[in-house]
Amino acid sequence: MKKQARVEYQNLEEHMRGEPITPENNEILYMEKDNIVTLTLNRPDRLNAYTESIYMGLREGINRASQKQDINAIVITGAGRGFCAGADMDNLKKTNSGSTITPKSKQEDQLPSENLGPSIAEHYKTRFGFLALCRKPIIAAINGPCAGIGLVMTLFCDLRFAAAGSKFTTAFAKRGLVAEHGISWILPRLVGHAHAMDILFTGRVFLAEEAEKIGLINKCFSAENFIESTMDYVKMLSETSSPRSISVMKAQVYKAFFQDLNNAAKIGDEEMQKSFSSEDFKEGVSHFVEKRAPKFSGK
Amino acid sequence: MKKQARVEYQNLEEHMRGEPITPENNEILYMEKDNIVTLTLNRPDRLNAYTESIYMGLREGINRASQKQDINAIVITGAGRGFCAGADMDNLKKTNSGSTITPKSKQEDQLPSENLGPSIAEHYKTRFGFLALCRKPIIAAINGPCAGIGLVMTLFCDLRFAAAGSKFTTAFAKRGLVAEHGISWILPRLVGHAHAMDILFTGRVFLAEEAEKIGLINKCFSAENFIESTMDYVKMLSETSSPRSISVMKAQVYKAFFQDLNNAAKIGDEEMQKSFSSEDFKEGVSHFVEKRAPKFSGK
Amino acid sequence: MKKQARVEYQNLEEHMRGEPITPENNEILYMEKDNIVTLTLNRPDRLNAYTESIYMGLREGINRASQKQDINAIVITGAGRGFCAGADMDNLKKTNSGSTITPKSKQEDQLPSENLGPSIAEHYKTRFGFLALCRKPIIAAINGPCAGIGLVMTLFCDLRFAAAGSKFTTAFAKRGLVAEHGISWILPRLVGHAHAMDILFTGRVFLAEEAEKIGLINKCFSAENFIESTMDYVKMLSETSSPRSISVMKAQVYKAFFQDLNNAAKIGDEEMQKSFSSEDFKEGVSHFVEKRAPKFSGK
């Protein structure tokens, strides 16, 4: 299986292709393939520096993928040699003279699978909360430099993989800025508060290898086969896990930050009971007993 | 000391021996030796797949050990080559046609040392909460495959050691099931929410070595000397630490999830004052001053 | 730059010099150099065992450094071959016969930069809370054995570096004591509750290398160049990060333990807006555009 996957994706340019997310916005490209949506930050000449168009394109892409029953996973990556260089410095310079980089989005997201698992909408009313609210698994495929608000965005993805040698930086302390959009909250929960303060206070550049060691990313893959290794994982996720199970468990994990154990277990019991009457549970037992690969419907 | 321990336990079968926990239930074996209770999951022909008898036997064993002043630690392990293969598939298949695998236990546990340290009973009213409520240290000795509800159970033990190469899986997503009995709550607190989502979403098999790396287990020992290495640690714990200190600190740590820092420190100060009038504190100072091994009474 | 730093600090004795923190208290030495304050525990013949004079000296030193606009970082280290051997056993023996080692400090700290970032004073009303409340970054430079209450103190520093081979122990369980001054709360948040219980229950000695692996310290440096490596880092922090950014972000991280995500993000947005009108933000953009080293004023 792995060999097939590598042939399939050996042409990175092909993989990176996709259509502009809307006719007016080509800063995010949208592609569906093999039940997986890939959203590509597409300002390669600026190392995909973050703009409001990128933000609105990501929201639109997550929305669109969320509507589709046959989409099992969403990958976010960058065009060219970078992932996201942080806020575009041209915007920051304007900010210097009065404007702002944090207008609020007025878009209302509709995520149809929100009825799976506990409700978490009230807890994630933040800029990147829409990534947690989406019931499909979201994987950041960090193919190169990842800085500032670009890094914050990845922290609200469910999983993070990075190409070996990719450079990371929070950057804020180098610009005289602070911890924005909830990174002060999510980062300590991911890597502990001591590592969080190290990388927030210094704004130093660190590599994907260190990011893996401190738990900032799930895994560091060799740069040479980065897309292939990442897509192998995502395809495995898409092909062998119950999409329904993932949706429920994603909500359970994001809810657990705001619950005590008793409530978490109570909801788990209720969700387990609901699972027993699902198609995916029937298939989950059947494919095991019949010793064959599963074909989950997600229902 | 280590050499002695290894001779003593070189016959694994001898170590694994023990009596059925009750005359009617031989799915858990109970053994006392060297101030340590070992509870052995005993369905080796089914890789110790989880049943209600195993659950009730574990509760009975923890209860019994908790009553005994001379027991300093409790080890949970599996007979044969597995630890616990998860819910017995025969039961799951029945569930498929209507029955349930989660009847509530009606047994009332009485844990006599609960007066040591802060009260935590209200926070752990869940299936495996009895492991946290027990005031003696509980060590999961994961000698082989550890899956599904078997894995959940180990997460409510205090410490986890595993034999190198042991296979772990959450399994739920492969069966169309969800995160049960509080694993959605305890797992992110142990390994971070990103690793938690990786192993929950995929249900992939991972080895003891990776489990150590992400913090799921405390340590991975070579399979060849697994029981010896684990028992060396447990005997060290039993012979050189104050049982009273451990009981109080176990409650302090499990309470801390539900406290702010000010309360944790306040309780710590109160408990410290109580310690000063304990026998174990007198012995703790005396053995240090006299440069000899301690003999703690646990009082 | 590194070579310069190493020459500068190659004479450890010179670095360790400093003046008694007050005329009556030479158990803490105070030194300012290169915009960095170093506080040195100074009872080398007792491995800097903890006394009330050490505690009061640390508070005084943190207070004094906090008042100074030109101080960008604070280092806490130990004189001689140890860092801090824990509570002085002579005091513990007295405790055995009735007195106490935990008198409350009556000193009122005034930390002038507390207006930067969210207020956190209410959450840290504990013995070592003053370290979290200080708005300057505090780095524990653990040059040797670190035990008991000495270890607790370092856990409330922001960052911890240790010399390879340095011995750590919680020690409490060996003395019949319990988890004091909030270690039951902060340690699980730093290393997870399983590693916390391991080192609390056993009181075993572990080395700096293991401390790094479990996340107890940020990094382990070679013993030979320990002070140089640590000071390289602290100078980098002092010279290239906005002191204003660090102060705000330190408060954000310590606040985040007691916030939900929505509040953390809301405060982050407000603080970001304030940053835009700061001198440090102007300098942060200018030095980047002009491709030169920054000169932050901290305002």
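Just so we're on the same page: letters track the sequence lines, and every chain starts at 1. We use all heavy atoms of the structure for the numbers below, so side chains are in, but hydrogens, waters and symmetry mates are not.
- Residue B:Lys255 does not touch chain C at all, counting heavy-atom pairs closer than 4.5 Å.
- A distance of 9.5 Å separates CZ of C:Phe172 from CD of B:Gln252, quoted to the nearest 0.5 Å.
- In terms of heavy-atom proximity, B:Gln259 sits nearest to C:Arg189 at O-NH2, 4.0 Å.
- If you take CZ on B:Arg244 and CG on C:Leu177, they are separated by 9.0 Å, rounding to the nearest 0.5 Å.
- Looking at B:Ser278, the atoms closer than 4.5 Å to chain C (heavy atoms on both sides) all sit in the side chain, from C-beta outward.
- Residue with the most contacts toward chain C among B:Val191, B:Asp158, B:Ile217: B:Asp158 (heavy-atom pairs, distance under 4.5 Å).
- We find the CH2-CG distance between C:Trp185 and B:Asn263 to be 11.5 Å, quoted to the nearest 0.5 Å.
- Listed here is the closest heavy atom pair of B:Ser275 and C:Gly176: CB-O, 3.7 Å.
- Contacts between B:Phe296 and chain C at a heavy-atom distance below 4.5 Å involve the side chain alone, from C-beta outward.
- With a 4.5 Å cut-off on non-hydrogen atoms, C:Phe257 does not touch chain B at all.
- To the nearest 0.5 Å, the span separating NE2 on C:His123 from CG on B:Asp260 amounts to 8.5 Å.
- Taking 4.0 Å as the cut-off between side-chain N and carboxylate O, B:Glu212 and C:Lys213 count as a salt-bridged pair.
- Between the side chain of C:Arg175 and the backbone N or O of B:Gly284 there is at least one donor-acceptor pair closer than 3.5 Å.
- More than 12 heavy atoms of other residues, nucleotides or ligands shown are found within 6.0 angstrom of CZ on B:Phe258.
- For chain B, the nearby parts of C:Ala194 are the backbone and the side chain; heavy atoms of each come within less than 4.5 Å.
- Although no hydrogens or angles enter the test, the distance criterion places no donor-acceptor pair under 3.5 Å between the side chain of B:Asp280 and the main chain of C:Ala173.
- Rounded to the nearest 0.5 Å, atoms CG (C:Leu187) and CE (B:Met249) are 10.5 Å apart.
- Across B:Pro137, B:Gly192, B:Ser242, B:Cys157, the residue that shares the most heavy-atom pairs under 4.5 angstrom with chain C is B:Ser242.
- If you measure heavy-atom distances from C:Phe128 to chain B, you find no contacts under 4.5 Å at all.
- Among B:Arg160, B:Glu283, B:Lys274, B:His287, the residue making the largest number of heavy-atom pairs under 4.5 Å with chain C is B:His287.
- The line from OG1 of C:Thr126 to CG of B:Leu261 is 4.5 Å long, rounded to the nearest 0.5 Å.
- The contact between C:Phe201 and chain B is made by backbone and side chain atoms together, counting heavy-atom distances below 4.5 Å.
- Taking chain C as the reference chain and counting heavy-atom pairs below 4.5 Å, the highest number among B:Leu190, B:Ile139, B:Asn218, B:Leu155 is found for B:Asn218.
- Counting heavy-atom pairs closer than 4.5 Å to chain B, the top-ranked of the candidates C:Gly182, C:Ala196, C:Ala179 is C:Ala179.
- Of all heavy-atom pairs spanning B:Leu237 and C:Thr202, the tightest one is CD1-CG2, 3.5 Å.
- Chain C forms the most heavy-atom pairs under 4.5 Å with one residue out of B:Pro243, B:Ala265, B:Gly268, and that residue is B:Ala265.
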